[in-house]
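Reviewing the structure listed below.
First listed ligand is number 1; within each ligand, the first listed atom is number 1.
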Amino acid sequence: MTDEALTSRALELASEGIGRVSPSPLVGCVIVSAEGQIVGEGSYIFSEVTHAEIAALRQAGERSRGGTAYVSLEPHAHHGRTPPCTEVLINAGIRRVVCPIEDPNPLVSGKGFEELRNAGVEVVTGILREAAEKQNEKFICWHRNKRPFVHLKTAMSLDGKTATVSGDSKWITSVEARAEGQKLRYEYDAILVGAQTIAADDPSLTDRTGGPRDRGLLRVVLDSRLRTAAGSAVVATADEHPTLFIARDPEPEKAETFRSKGAEVAVVEGGPRDTKAVLGELYRRRITSVLVEGGASVAGSFADSGLVDKFTFFIAPVVIGGAKAPTSVGGEGADRLAEAFRLKDITVQQAGPDLMVTGYPA
Ligand SMILES: NC(=O)c1ccc[n+]([C@@H]2O[C@H](COP(=O)([O-])OP(=O)(O)OC[C@H]3O[C@@H](n4cnc5c(N)ncnc54)[C@H](OP(=O)(O)O)[C@@H]3O)[C@@H](O)[C@H]2O)c1
C-alpha cells in the first residue's frame, strides 16, 4: 500500500474519535512492519486516555521494530496524561514516521518531529495535509485563534426564508434534514442561540443522536438581561444538560433562579452582543467548537464580525415569499457584493427532499 493510502487509513481511524476527544485532537495511527504488513492500528478517545500511537504499538508488539508509523497528527514530545508518544515510537524501534501535519499548539508544534529526527527516525510530512487539517479544524482553530471554531447552521426555504410573515416556521425542512442537523450537534462542544429563539420555539437544544459523548453538549443562550422564562425547556432541564446563559446586566434574582435550576450565568464585558467576548468566555471554558443555530439576529452578528469558520444551509424545496418574512442571516450584512461571504470547498448533500450545502468563507 502507498504512503497516501496508509495515511488515509490513519485519518479514517482518527475519525472514530469524533465527538469523543475534545478538547484534544482526533488522532489515528497505523503501524506497518519492515515487511510491509499492517501490524497495529489505534484511535484516540479522550476517556480511554491511551494515545492512538500507543494503542497501535501495543497491537504490533515486536513486529513494530524497523517499521513505519502513519500518524494523522504530529506525535507529542511532552509528558501529559501519557508518556511522550515520540519516546514510545523511538523505543519501539520505528524507523520512519509519515504524518501529514504538525501539532497546531504553538507550545509543542514541530517539537515531536524534531525529537524523532534527532533519534534518527525518518519523518515524512505533508501527505494529505488538507484532509488532515480539515479533520482537526476545530482543534486547530482553538489553538491558532484562541477561540472556538464557529459553524453557522441554518434551515431555510429556497427563497432564503426561515418562517412565514405570521411566524409559522415548523417545519420548513424534512425529518432527514433535521437528523443531519442532529449529527452536526454530535460533533460540537456547544450549541448557541439567541434569547428570541428560546422565546419563540422553546427548543430543548439537545444532542439526540444517542452517540457516545465525553462531554455533554453545552447549550449557550445569548440573553443580555435574562429575559428567558424560568419555565422554558432549557432552564427546566439545566440540571440534566449543561446550560450557560451569557448576559450583560442580569437581574440578580433571575440569575439566582437560573443557577438554582442548574444553569450557569456568565456576565461578559460588552454583553453577549460582543461576539468576540462571547467566544472568549467559551474559550476560557475549554470549548473548542460551537454550532450557532440562530436565529437570524445572532447569525447576523457572528457573520458581521467575521467570526464564522464554516456555514451549513439546509435548503427546503419550498418558496415562502413575503418581503417581511424573516431570512436566515440578519445583522448589517455586506454593503457591497465584494464584501459578502463567498464560500469555497462547497459540499452539497441531499437530505430527503432538502439540500445540505456546506462551505468555508473564502
Ligand atoms: N430556520 C432556522 O434555522 C432557525 C434557527 C433558529 C431560530 N429560528 C427562528 O428565528 C427566530 C428568532 O430569531 P431572531 O433573529 O428574532 O432572534 P435570535 O437571534 O434568536 O435572538 C435575538 C436576541 O438575542 C439577544 N442577543 C444577545 N446577544 C446577541 C447577539 N450577539 N446578536 C444578536 N442577538 C443577541 C438579543 O436579545 P437581548 O438584547 O435581550 O439580549 C436579541 O434580541 C425564531 O422565530 C426562530 O423560530 C430559525
Within 4.0 Å of some non-hydrogen atom of A155, the atoms of ligand 1 are 1 (N), 2 (C), 3 (O)
of all protein heavy atoms, closest to atom 46 (C) of ligand 1 is D201 OD2, 3.2 Å
Hey, is CD on E130 packed in by over 12 heavy atoms from elsewhere, all under 6.0 Å? no
Is V193 in contact with ligand 1, taking contact as a heavy-atom separation below 4.0 Å? no
Contact check: S297 vs ligand 1, nitrogen or oxygen atoms, below 3.5 angstrom: yes
List every atom of ligand 1 that sits less than 4.0 Å from any heavy atom of A200, numbering the atoms from 1 in the order shown and giving each element. 44 (C), 45 (O)
I need the nearest protein heavy-atom contact for atom 25 (C) of ligand 1: residue, atom name and distance, please. L222 O, 3.6 Å
How about CD on E332, more than 12 heavy atoms from neighbouring residues, nucleotides or ligands closer than 6.0 Å, or not? no
Give a yes/no on ligand 1: does G330 have at least one heavy atom closer than 4.0 angstrom to it? no
Checking the N or O distance criterion of under 3.5 Å, is ligand 1 in contact with R225? yes
Under a 3.5 Å cutoff, is there a donor and acceptor pairing between the side chains of T312 and H151? yes
Taking the inter-plane angle between the rings of F311 and F313 on a 0 to 90° scale, is it parallel (under 30°), tilted (30 to 60°) or perpendicular (over 60°)? parallel
Per-atom contacts, ligand 1 versus A195 - under 4.0 Å to a heavy atom: 21 (O), 23 (C), 24 (O)
Among all protein heavy atoms, pick out the one at the shortest distance from atom 48 (C) of ligand 1; state its residue, atom name and that distance to 0.1 Å. T162 CB, 4.3 Å
Atom 31 (N) of ligand 1 - nearest protein heavy atom and its distance: P272 O, 2.8 Å
For H51 and Y44, take the angle between the two ring planes, folded into 0 to 90°, and tell me which bin it lands in: parallel under 30, tilted 30 to 60, perpendicular over 60. perpendicular
Numbering as shown, the atoms of ligand 1 that approach G194 to under 4.0 Å (heavy-atom distance): 18 (P), 20 (O), 21 (O), 24 (O)
Result of checking R213, R185, K183 against D207 for salt bridge (charged side-chain N to carboxylate O under 4.0 Å, His left out): R213
Per-atom contacts, ligand 1 versus S301 - under 4.0 Å to a heavy atom: 30 (C), 31 (N), 32 (N), 33 (C)
Subset of ligand 1 atoms that lie under 4.0 Å from at least one heavy atom of D223: 41 (O)
For atom 17 (O) of ligand 1, what is the closest protein heavy atom, and at what distance to 0.1 Å? Q196 CB, 3.0 Å
For the residue pair D159 / S157, report whether a side-chain donor-acceptor contact shorter than 3.5 Å exists. yes
State, without any angle test, whether T228 and D223 hold a side-chain donor-acceptor pair at a distance under 3.5 Å. yes
Do any N or O atoms from the side chain of R9 and from the backbone of V30 form a donor-acceptor pair under 3.5 angstrom? no
Could you check atom 10 (O) of ligand 1 against the protein and tell me its nearest heavy-atom contact, residue, atom and distance included? G295 CA, 3.8 Å
for atom 12 (C) of ligand 1, nearest protein heavy atom and its distance come out as T197 OG1, 3.6 Å
For atom 23 (C) of ligand 1, the protein heavy atom that lies nearest, with its residue and separation: R227 NH2, 3.6 Å
For the residue pair G42 and A56, what are the closest heavy atoms and their distance? N-CB, 3.7 Å
Aromatic centroids of Y283 and W142 separated by under 6.0 Å: yes
